[in-house]
Number of protein chains: 2
Amino acid sequence: MITSTTAPRIDQTLMALADPTRRAILKRLSAGEARVTELARPFDISLNAVSKHIRLLERAHLVRRRVEGREHFLAFNFKPLAETIKWLETQHAFWTARLDALEELLKAEDRAAAKTLKKTHKRKGRYED
Amino acid sequence: MITSTTAPRIDQTLMALADPTRRAILKRLSAGEARVTELARPFDISLNAVSKHIRLLERAHLVRRRVEGREHFLAFNFKPLAETIKWLETQHAFWTARLDALEELLKAEDRAAAKTLKKTHKRKGRYED
DNA sequence: ACTATATTCAACCTTGAGGTTGAATGATTA
DNA sequence: TAATCATTCAACCTCAAGGTTGAATATAGT
């Protein structure tokens, strides 16, 4: 019984990345530290909204905060991102390997069918896109 | 004014992947087509819940559906996944490149400071983790 | 001591995720 | 035809995302 493929870290990271505003914030932070107000400036939403986005990024460990007086400096933390990419690549490799194997299998079936002229298993309704 | 780094496709894909149940479903589907009931079996949640997850995966184009009579066959669609990984890798490259450049800059500063024995800019509060 | 600045807190709203149960629909099978 | 199976639809619940506005807090500048 699959209760959960418990990878809460990955859940959080992917969730945090699934928002264009947050991705833009990260992009900005890849150029170096920035304060909250600074990060908020380019956006059309309230400062508070950006503050919330930052808090969420922090919770996902994608961003770290250094408080200096009244100013909060945010910095990018790459680790979770690297981990997530690695995980995705692994899965991707796994998935495509399976897919390739399946393709091979189907081709082999087709060859066999052609040979015996039976033409069974003409898989109807193949998908595309 | 950054209204949105509009990549709705990526939003959807990342969001869809940010759930362990859905990732498990995809993993199952990488081994080949499956029907809804079949996909639902290993989970501890209701069939309806799984049906909803599938609908969401479909909406994100990660899964395609082929209806045959009363049975619905689901299949993995790799394209959005590949796209997303590619995008993430690009961003990762961009981010790390920037980070490396920044590190270089800081090191250079340190060297310069050491040379003139001034020791200014001793960046306090470096982050770790 | 004021005043302005940087940021969060608190309360509120709307929307959708993730789950439930029960009924409806449609295709098989006995 | 009647019963069974596969799936969705409909209605409901709870919770958190993403946004707003207005007040609170603390630091910095005058």
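So you know, we letter chains A, B, ... as the sequences are listed, proteins then strands, and number each from 1.
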I'd like to know if Asn48(A) reaches the base of dG22(D) with its side chain, counting only an N/O donor and acceptor under 3.5 Å.
yes
Looking at every strand, decide which applies to Leu56(A) at a 4.0 Å heavy-atom threshold: base, sugar-phosphate, or nothing.
sugar-phosphate
With a 4.0 Å cut-off on heavy atoms, is Asp19(A) in touch with a base, just the backbone sugar-phosphate, or nothing at all?
sugar-phosphate
Protein-nucleotide distance ([X], atom [atom1]; [N], atom [atom2]), rounded to Å:
X	N	atom1	atom2	value
Leu74(A)	dA6(C)	CG	C1'	12 Å
Arg55(A)	dT7(C)	CZ	C1'	11 Å
Glu71(B)	dT7(D)	CD	C1'	11 Å
Glu38(B)	dA6(D)	CD	P	10 Å
Ile45(B)	dA17(C)	CD1	P	15 Å
Glu68(A)	dA28(D)	CD	C1'	13 Å
Leu57(B)	dT8(D)	CG	P	13 Å
Ile25(A)	dA17(D)	CD1	P	15 Å

When the nearest nucleotide of DNA chain C is assigned to Lys52(A) and to Glu58(A) on a heavy-atom basis, which residue is associated with the more 5' position?
Glu58(A)
Please confirm whether the backbone N or O of Pro80(A) pairs with a side-chain atom of Thr84(A), one donor and one acceptor, at under 3.5 Å?
yes
Within the side chain of Arg22(B), is there an N or O that forms a donor-acceptor pair under 3.5 Å with the backbone of Ala16(B)?
yes
Side-chain N or O of [X] versus OP1/OP2 of [N]: is the shortest distance under 4.0 Å?
X	N	answer
His53(B)	dG19(C)	yes
Ser51(B)	dT7(D)	no
Arg59(A)	dA16(D)	no
Arg70(B)	dT29(C)	no
His72(B)	dA6(D)	no

Name the one of Glu33(B), Glu58(B), Glu71(B) that satisfies salt bridge (charged side-chain N to carboxylate O under 4.0 Å, His left out) with Arg65(B)?
Glu58(B)
side-chain contact (heavy atoms from CB on, under 4.5 Å) between His53(A) and Asp19(A): does it pass, once the steps are laid out?
CA-CA 9 Å; His53(A) 277 302; Asp19(A) 178 282; 3.7 Å; yes
Pick the nucleotide of DNA chain D nearest each of Gly69(A) and Ser46(A); which residue has the one closer to the 5' end?
Ser46(A)
Please report the interatomic distance CG(Leu88(B)) to CD1(Ile85(A)), rounded to the nearest 0.5 Å.
5.0 Å
